Amino acid sequence: MSDFFNSSVVRDTIMELAEMQHKLVLQMSTLPIMSVEQRKSHLQEMKVFLEKQKLFFFRMSLVEDKEVDMIKFFNRLDKTISEIESSIDKC
């Protein structure tokens, strides 16, 4: 694993993004019964999530490490999404 992903800051950020994503995905099933205020709150959380992702991707683009590339990152993200999907199916 590259030094980039060994950084505690990076690992904390990845965990934070994964937790945010998990929360947002779980909330999707209740969107139809949410109040207007709850929907606005959910949308605001999605905006925060997107901004955090943008910042993370920007940081990744600055790293001069051959092991850090967007394909690997997206593969990891795909794996995380699949794990979330599996957990949703188990509910």
Side-chain angles (χ1 to χ4, degrees):
M1 185 178 282
S2 78
D3 290 336
F4 179 79
F5 288 107
N6 282 329
S7 161
S8 63
V9 173
V10 170
R11 295 174 87 180
D12 290 345
T13 301
I14 291 170
M15 289 303 299
E16 179 185 14
L17 287 170
E19 289 170 8
M20 289 180 78
Q21 181 178 12
H22 182 73
K23 179 181 175 185
L24 290 167
V25 168
L26 290 177
Q27 290 175 345
M28 297 295 272
S29 64
T30 61
L31 276 174
I33 60 172
M34 284 183 180
S35 69
V36 172
E37 289 304 315
Q38 289 171 320
R39 289 181 191 181
K40 287 180 181 180
S41 175
H42 179 74
L43 185 58
Q44 185 60 36
E45 289 177 39
M46 289 177 69
K47 288 179 179 182
V48 170
F49 178 65
L50 177 60
E51 287 303 313
K52 287 180 181 280
Q53 282 184 319
K54 284 185 200 178
L55 180 58
F56 186 73
F57 293 138
F58 176 72
R59 287 180 181 155
M60 284 182 69
S61 72
L62 298 176
V63 174
E64 294 183 11
D65 184 338
K66 292 180 182 176
E67 289 186 44
V68 177
D69 66 30
M70 296 309 286
I71 298 300
K72 287 182 181 180
F73 178 77
F74 282 114
N75 287 340
R76 287 185 182 147
L77 189 56
D78 282 338
K79 182 180 178 191
T80 300
I81 291 170
S82 295
E83 290 170 359
I84 291 171
E85 284 178 324
S86 292
S87 70
I88 289 172
D89 290 337
K90 292 177 184 177
C91 291

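As the structure is a computational prediction, the values presented were derived from the model and not from experiment.
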- [ ] Test side chain to side chain contact (heavy atoms under 4.5 Å, CB included) on Gln27 and Gln38 and set out the steps.
- [x] CA-CA 10 Å; Gln27 290 175 345; Gln38 289 171 320; over 6 Å; no
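- One hydrophobic cluster holds both Phe57 and Ile81 under the rule that ILVMFWY side chains link at heavy-atom gaps under 4.5 Å.
- The CG atom of Leu50 sits 10.5 Å away from the CG atom of Leu17 when rounded to the nearest 0.5 Å.
- Here Met15 contributes atom CE and His22 contributes atom NE2; the two are 11.0 Å apart, rounded to the nearest 0.5 Å.
- In this structure, the side chains of Gln21 and Thr80 come closer than 4.5 Å at one or more pairs of heavy atoms.
- Proximity of a side-chain donor or acceptor of Ser41 to a complementary backbone N or O of Glu37 within less than 3.5 Å is not detected.
- Partner Gln44 forms a side chain to side chain contact (heavy atoms under 4.5 Å, CB included) with one of Lys40, Lys47, Met46, His42 and no other, that one being Lys47.
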TODO: Check step by step if side chain to side chain contact (heavy atoms under 4.5 Å, CB included) holds for Met20 and Val48.
DONE: CA-CA 9 Å; Met20 289 180 78; Val48 170; 3.8 Å; yes
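- Remark: Arg76 qualifies as a cation-pi partner of Phe5 under the 6.0 Å distance and 45° angle criteria applied to the six-membered ring.
- Side chains of Glu45 and Phe49 form no contact here, defined as non-hydrogen atoms less than 4.5 Å apart.
- From Met34, atom CE reaches atom CE of Met28 across 9.0 Å, with rounding to the nearest 0.5 Å.
- Once rounded to the nearest 0.5 Å, the distance linking OG1 of Thr13 with CZ of Arg11 reads 12.0 Å.
- With hydrogens and angles disregarded, no donor-acceptor distance shorter than 3.5 Å links the side chain of Arg59 to the backbone of Val10.
- A donor-acceptor pair under 3.5 Å is formed between the side chain of Arg39 and the backbone N or O of Leu31.
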